[in-house]
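Report on the following structure.
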Amino acid sequence: MDLREVRRAIARLMYAPGHDDGSYAPLFIRFAWHCSGTYCKESGNGGSWGSTFRFENEAADPENAGLSKAKELLESVKARFPAISYADLYILAGAVAIESTGGPHIPVKTGRPDFDDAEATAIFGEGKCPFGFGTVNPNTSRLPAADLGPDPDAPPDAPAHIREAPTINAVRATFQRLGLTDKETVCLILLGHQFGRCHPENSGYEHAWYAFDPTEWNAYETGLGYISLYEQGIRNYREVHKASGKRQYEMFFAGRRWMLLIADMVLYWDQDYYRHVVYYNRNRRIFRQDAALAWTKLTELGCKNLTPELTAHS
Ligand code: HEM
């Protein structure tokens, strides 16, 4: 399939002056990640194969709050290009979003099917989707929780990697279930959380990670970027408790509040993750390549016999 026209139609959706910081790119990136992040390498099910987000239970997973908007927006593209499956369209939208923000062009293989009710039920039972099979997130989501709270048995003055072991272990267990390495985990979280923001109405968290201007959502070049925040600025962040009861890290800089989730702090607290952060901060070009490879791997988990994209750049 020649995806150039489909890519252009998605790119036209991206500019959205009325939405957040003016772009739907973060929404589409998070949507594609959440469609893929349900894969389980042991059972071999979940992920983008089958586009199970279309089923009510998966869309209603609390970790997916706010993402139905992405699905609705993409309906207009599906109507124009009915030959592309929803499953492929959702993943393509993520790749187009990354490129539209100055990121790499990521070719997207196609051939993911859309499960009908019977196919989804045969695999997942009445729920029709991989929601309800999580073992790490307390709400049984297969997607990662941003904070599992400090270890109640750890002394309050214990170093962070001991005190925050529940979230560190849960993040690692989630990405290991996907079959991804620590290095790929770092690539993906750094890639994803340079874009967009948290919404109190979705997650209870607030503010943006890095930039409020979509033209700056590009940590691949030199200069102060989201990766640099980890290495150089992270000591300025302080733990705060929001009105929602959620705990996050924040710093006040240039008249704005910048945030990090506990799951972001994990990349700083855990030394096995942190050494990759330091490496990528010093090797931005390699980050650009590795992040694209990790994204491709994530979005193809559980997929079989995909067809390479024919076109080069859109
Ligand atoms: C430990 C792993 C992760 C956790 C716990 C996590 C958690 C979260 C949370 C709580 C939000 C806020 C949602 C809202 O309030 O609207 C968010 C937003 C976001 N996440 Fe993640 N995330 C993780 C990994 C990733 C990855 C791997 C990517 C993509 C490669 C990604 C991409 C995004 C994007 C782009 C947003 C902003 C969405 C927007 O502005 O609408 N995240 N994430």
Side-chain angles (χ1 to χ4, degrees), residues 14 16 19-39 48 61-70 73 91 93-95 97-98 100-101 103-104 106 134 136-139 141-148 164 166-178 180 182 184-212 214 217-219 226 242 244 246-249 259-270 273 287 290-299 301:
M14 216 70 73
H19 175 76
D20 285 354
D21 305 303
S23 169
Y24 283 127
L27 181 73
F28 287 140
I29 293 166
R30 181 167 168 250
F31 184 49
W33 139 239
H34 278 214
C35 287
S36 311
T38 56
Y39 179 66
S48 59
D61 175 347
E63 301 297 343
N64 283 333
L67 289 179
S68 293
K69 170 93 181 170
L73 286 165
I91 299 309
I98 289 171
S100 82
T101 62
I106 303 179
V136 176
N137 187 322
N139 73 13
S141 173
R142 279 189 182 177
L143 297 164
D147 180 15
L148 292 183
E164 304 293 346
T167 311
I168 295 172
N169 294 340
V171 169
R172 184 164 277 115
T174 303
F175 282 85
Q176 283 179 347
R177 191 211 61 227
L178 290 165
L180 300 175
D182 278 4
E184 288 163 335
T185 304
V186 168
C187 273
L188 287 167
I189 297 177
L190 291 181
L191 170 72
H193 287 176
Q194 68 183 298
F195 306 105
R197 53 175 51 247
C198 292
H199 306 81
E201 68 279 17
N202 291 346
S203 60
Y205 299 104
E206 282 180 61
H207 311 303
W209 283 270
Y210 167 53
F212 299 79
W217 287 336
N218 183 355
Y226 173 66
K242 308 308 287 181
S244 61
K246 294 291 174 91
R247 186 171 68 123
Q248 63 185 49
Y249 274 67
M259 71 86 62
L260 289 169
L261 297 169
I262 301 297
D264 295 307
M265 295 299 292
V266 160
L267 303 191
Y268 175 66
W269 289 327
D270 182 277
Y273 284 139
F287 174 70
D290 286 2
L293 289 173
W295 176 265
T296 302
K297 183 169 173 182
L298 169 76
T299 54
L301 292 171

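First listed ligand is number 1; within each ligand, the first listed atom is number 1. Just the heavy atoms: all of them, side chains too, but no hydrogens, waters or symmetry mates, feed the values below.
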Nearest neighbour in protein (non-hydrogen) for atom 28 (C) of ligand 1: W33 CD1, 3.3 Å
Atoms in ligand 1 flagged as close to G196, the criterion being non-hydrogen separation under 4.0 Å: 40 (O)
Contacting atoms of ligand 1, where contact means under 4.0 angstrom from a heavy atom of A146: 5 (C)
Contact summary for A25 and S23, nearest pair of heavy atoms: N-OG, 2.9 Å
Nearest-neighbour protein heavy atom for atom 2 (C) of ligand 1, which is reported as residue plus atom name and distance: P144 CG, 3.4 Å
Side-chain (R197) to main-chain (E206) donor-acceptor, under 3.5 angstrom: no
Side-chain heavy atoms of I98 within contact of F28, under 4.5 Å: no
Salt-bridge present (R30, E63; N to O < 4.0 Å): no
Expected output: side-chain N137 to main-chain L143 donor-acceptor under 3.5 Å: yes
Ligand 1 contact on S203 by region, counting heavy-atom pairs under 4.0 Å: both
Side chains of D61 and H34, donor plus acceptor under 3.5 Å: no
Geometric N/O contact N202 with ligand 1, under 3.5 angstrom: yes
Protein contact of atom 8 (C) of ligand 1 - nearest heavy atom, named by residue and atom, plus distance: L261 CD1, 3.6 Å
Check: T167 side chain, L148 main-chain N or O, donor-acceptor pair, under 3.5 Å: yes
Numbered atoms of ligand 1 (with element) below 4.0 Å of A145, judged on heavy atoms: 5 (C)
Ligand 1-proximal atoms of W209, by part, heavy-atom distance under 4.0 Å: side chain
Sub-4.0 Å atoms of ligand 1 with respect to non-hydrogen atoms of A263: 1 (C), 5 (C)
Minimum heavy-atom distance Y39-R142, with the two atoms named: C-NH1, 4.2 Å
Protein heavy atom at shortest distance from atom 30 (C) of ligand 1: L188 O, 3.2 Å
Ring center gap for F195 and W33 short of 6.0 angstrom: no
Nearest non-hydrogen protein atom, atom 22 (N) of ligand 1: H193 NE2, 2.9 Å
Heavy-atom nearest neighbour in the protein, as seen from atom 19 (C) of ligand 1, with distance rounded to 0.1 Å: R30 CD, 3.3 Å
I189 neighbourhood, listing ligand 1 atoms whose heavy-atom distance to it stays under 4.0 Å: 1 (C), 2 (C)
Taking atom 40 (O) of ligand 1 as the reference point, the nearest protein heavy atom with its distance: R197 N, 2.9 Å
Side-chain heavy-atom pair E184, F175 within 4.5 angstrom cut-off: no
Identity and distance of the protein heavy atom lying nearest atom 41 (O) of ligand 1: H199 CE1, 3.3 Å
